[in-house]
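Written out below as structure tokens is the structure these notes cover.
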Amino acid sequence: MSFNVSKIREDFPILTQKVYGKPLVYFDNAATTQKPQCVLDTIEYFHNKINSNIHRGVHSLSVESTEAYEQARETVRQFVNAKSTNEIIFTSGATASINLVAFSFGEAFVGEGDEVIVSEMEHHSNIVPWQLLCERKKAKLKVLPFDDNGDLILEKLDELLTSRTRIIAVNHVSNSLGTVNPIKQIIEKAHAHGVKVLIDGAQGAKHGILDVQDLDADFYAISGHKIYGPTGIGALYGKQELLEQLPPWQGGGDMIATVTFEKTTYNQLPFKFEAGTANYIGAAALASAIKYYQRVGIEAAVEHEDSLLEYATQSLQAIDGVRIIGTAKEKTSIISFLVGDIHPYDTGMILDKMGIAVRTGTHCTEPVMAHFGIDGTVRASLAFYNTKEEVDMLVGGVKRVKQMFG
Ligand code: PMP
């Protein structure tokens, strides 16, 4: 059955917009995806009909709000195939999920002289929290390098892993190179040394059906706004037996069992890690996005994106002077490139005038840019609502940029 993109596009109101009088071509999906109507409807319905703070009320609206929030947790559990909803913590996004682990796991398990490994292709969100931890604990940050194609050099991991390694933090899919990392293999290697693994799934959750149990991931961070949900909501999956051992990372309402001035006891999982009023409307809207994505068909969506990636790669490569940054063996939906020595910012600005939205710059991965000795790239990132015709427009746009710069 062919993937009906034009039908799918009808679900995304924003895609009918014009920019500078040109139809919007939205290729900035790695930064944030657009939201289908059902997600927008959930947000509106919630505000109009059932808005009430969760977990604290006996009145009907509060009960309904709470049920919607907890059902959303079940939807995320099923989406990642966790064993229990106790293993799903709602956060404000992937960044918060990673900071939670860096703080709480760090408090429990990382001490002076211990080591943390991140990869060279991490988003700053998966570098800086670990640097903060290492500074706090006098621990050491080690870096797993990638080669010039953008493939992690896995053999180096064997050298980096020592008896002092406590955790490896690595992304599932690189947001600037598009590399799909062999996370199952990394987890296996780490576990053979008794080392835990956090997967930054900000981009990975949009790359096929997730199964944290099959991966045996210890932690998996998810971002709502990158999987067709709203901003300000995300989730952390953590193995229950591990989460049980971690201290809370923020204090406040909802995360407590009892409070006296002498001693506070903490709530059970998952609430122990959810201090303050949760973004329950965001959670419900995220659940709506996940269900929509499942209805579209995750595997079919990925297949469509992969075929667009292949087409875009071939078409861009055929333009003299275009250099693709990130040519890993396994890639998905992200294509970073440079057009001759034209600054990415100039390319992005001109494409914008044609209605084409791409991202330019370092993509919060300065070490990746340093690896290639460049200031930044132009990044086109795809979603299942993108079309071949849009790729053609991008390719036409890039040719025009080249002409304009002589
Ligand atoms: N990690 C990666 C690989 C990302 O691409 C991003 C978003 N650009 C993040 C982390 C941060 O995610 P969030 O916006 O949910 O905090």
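Because the structure is a prediction, the values reported are computed rather than measured. Heavy-atom basis, side chains included; hydrogens, waters and symmetry copies ignored.
Between L394 and the choices N386, I356, I335, the side-chain contact (heavy atoms from CB on, under 4.5 Å) rule is met once, by I356. Of the residues listed (L351, D352, T377), the one engaging V358 in a side-chain contact (heavy atoms from CB on, under 4.5 Å) is L351, and it is the only one.
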**Prompt:** N267 and D254: side-chain hydrogen bond (donor to acceptor under 3.5 Å, both in side chains), yes or no, with the steps?
**Reply:** CA-CA 7 Å; N267 206 340; D254 241 23; 5.4 Å; no
**Asked** Would E122 and S119 satisfy side-chain hydrogen bond (donor to acceptor under 3.5 Å, both in side chains), going step by step from the backbone distance to the final call?
**Response** CA-CA 6 Å; E122 296 311 307; S119 94; 2.6 Å; yes
**Message:** Go through it in stages, so that I can follow the logic: the residues are H55 and Y280, the test is side-chain hydrogen bond (donor to acceptor under 3.5 Å, both in side chains), and I'd like the CA-CA distance, side-chain angles, deciding distance and then a yes or no.
**Reply:** CA-CA 10 Å; H55 294 152; Y280 51 88; over 6 Å; no
**Request:** Check step by step if side-chain hydrogen bond (donor to acceptor under 3.5 Å, both in side chains) holds for D211 and N81.
**Result:** CA-CA 5 Å; D211 187 340; N81 194 33; 2.9 Å; yes
**Prompt:** Do Y237 and V76 pass the side chain to side chain contact (heavy atoms under 4.5 Å, CB included) test, and can you show the C-alpha distance, the side-chain angles, and the key distance before you say yes or no?
**Reply:** CA-CA 9 Å; Y237 159 80; V76 176; over 6 Å; no
**Verdict with supporting geometry, I298 and F384, side chain to side chain contact (heavy atoms under 4.5 Å, CB included)** = CA-CA 9 Å; I298 296 178; F384 56 66; over 6 Å; no
**Asked** side chain to side chain contact (heavy atoms under 4.5 Å, CB included) between V101 and I167: does it pass, once the steps are laid out?
**Response** CA-CA 10 Å; V101 177; I167 190 162; 4.2 Å; yes
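A heavy-atom distance below 4.5 Å is not found between the side chains of L61 and N51. Considering only heavy atoms from C-beta on, H124 comes within 4.5 Å of P367 through its side chain. Looking at heavy atoms from C-beta onward, N53 lies out of side-chain contact with S62 at the 4.5 angstrom threshold. Residues S174 and V368 fail the side-chain proximity criterion, which asks for heavy atoms closer than 4.5 Å. A 4.5 Å side-chain heavy-atom check between M354 and Y20 finds every atom pair outside the cut-off. With contacts defined as side-chain heavy-atom distances shorter than 4.5 Å, the pair S65/I54 qualifies. Counting heavy atoms from C-beta outward, F109 and L242 have side chains that approach closer than 4.5 Å. At a threshold of 4.5 Å between non-hydrogen side-chain atoms, the residues I319 and V339 do not count as touching.
Enclosure of atom NZ in K140 is not indicated, since only 12 or fewer non-hydrogen atoms of other residues, nucleotides or ligands lie within 6.0 angstrom. Summarising the local packing, CD of Q245 is surrounded by more than 12 heavy atoms from other residues, nucleotides or ligands at distances under 6.0 Å. For K83, the NZ atom counts as loosely surrounded, since its 6.0 Å shell holds 12 or fewer non-hydrogen atoms of other residues, nucleotides or ligands. Within a 6.0 Å radius of NZ in K137, more than 12 heavy atoms belonging to other residues, nucleotides or ligands are found. Within a 6.0 Å sphere centred on CG of D158, other residues, nucleotides and ligands contribute more than 12 heavy atoms. More than 12 heavy atoms of other residues, nucleotides or ligands sit less than 6.0 Å from atom CG of N48. The number of heavy atoms from other shown groups lying within 6.0 Å of CD (E44) does not exceed 12.
Relative ring orientation between F219 and F105 is described as perpendicular, the plane-to-plane angle rising above 60° on a 0-90° scale split at 30° and 60°. Ring-plane geometry between Y293 and F79 is classed as tilted, the angle between the planes lying from 30 to 60 degrees on a 0 to 90 degree scale. Note: Y228 and Y385 have perpendicular aromatic rings, judged against thresholds of 30 and 60 degrees for the angle between ring planes. Aromatic ring orientation, H371 versus F146: parallel (interplanar angle below 30°, classes split at 30° and 60°).
Atom-to-atom distance recorded for S97:OG and I222:CD1 is 8.0 Å, nearest 0.5 angstrom. Summarising the geometry, atom OG belonging to S223 is positioned 9.0 Å from atom CG belonging to D200; distances are rounded to the nearest 0.5 Å. Rounding to the nearest 0.5 Å places CD1 of I227 at 5.0 Å from CG of L286. Of the inter-residue distances, the one linking I89 atom CD1 with L269 atom CG reads 5.5 Å to the nearest 0.5 angstrom. Here S176 contributes atom OG and Q203 contributes atom CD; the two are 9.5 Å apart, rounded to the nearest 0.5 Å. The distance from atom CG of L15 to atom OH of Y26, rounded to the nearest 0.5 Å, is 9.5 Å.
In this structure, the side chain of T85 does not engage the main chain of E74 through any donor-acceptor pair within 3.5 Å. At least one donor-acceptor pair under 3.5 Å links the side chain of E87 to the backbone N or O of S84. Distance alone, capped at 3.5 Å, places no donor-acceptor pair between the T362 side chain and the G376 backbone. Within the 3.5 Å criterion, the main-chain N or O of A205 finds no donor-acceptor partner in the side chain of H172. Between the S307 side chain and the H304 main chain, a donor and an acceptor come within less than 3.5 Å of each other. Counting only distance, with no hydrogens or angles, the side chain of K142 and the backbone of T165 share no donor-acceptor pair below 3.5 Å. Judged by distance alone, the side chain of N279 and the main-chain N or O of S92 form no donor-acceptor pair under 3.5 Å. In this structure, T42 contributes its side chain and A285 its backbone to no donor-acceptor pair below 3.5 Å. A distance-only check finds a donor-acceptor pair linking the side chain of N175 to the backbone of H363 [under 3.5 Å]. Panel note: side chain H343, backbone Y345; a donor-acceptor pair is recorded below 3.5 Å.
By the side-chain contact (heavy atoms from CB on, under 4.5 Å) test, M404 pairs with I350, R400, sequence neighbours left out.
Salt bridge status for E107 with R136: present, with a side-chain N to carboxylate O gap under 4.0 Å. Ion pair E390/R9 flagged as a salt bridge, since at least one NZ, NE, NH1 or NH2 atom sits closer than 4.0 Å to an Asp/Glu carboxylate oxygen.
Sorted by first and then second residue, the salt bridge (Lys or Arg N to Asp or Glu O under 4.0 Å) pairs involving residues 281-305 (not counting sequence neighbours) are K206-E305. Sorted by first and then second residue, the salt bridge (Lys or Arg N to Asp or Glu O under 4.0 Å) pairs with a member in residues 17-41 read D28-R359, D28-R379; sequence neighbours excluded.
Checked by atom type, the side-chain pair E67/Q71 shows no donor-acceptor distance below 3.5 Å. H191 and D216 share a donor-acceptor pair across their side chains, judged by distance under 3.5 Å alone. A donor-acceptor pair shorter than 3.5 Å can be found between the side chains of H123 and S125.
Aromatic pair F103/F273: ring centres not closer than 6.0 Å. A centroid separation of less than 6.0 Å is found between the aromatic rings of F90 and Y69.
Of all heavy-atom pairs between A30 and S381, the closest is N-OG, 2.7 Å.
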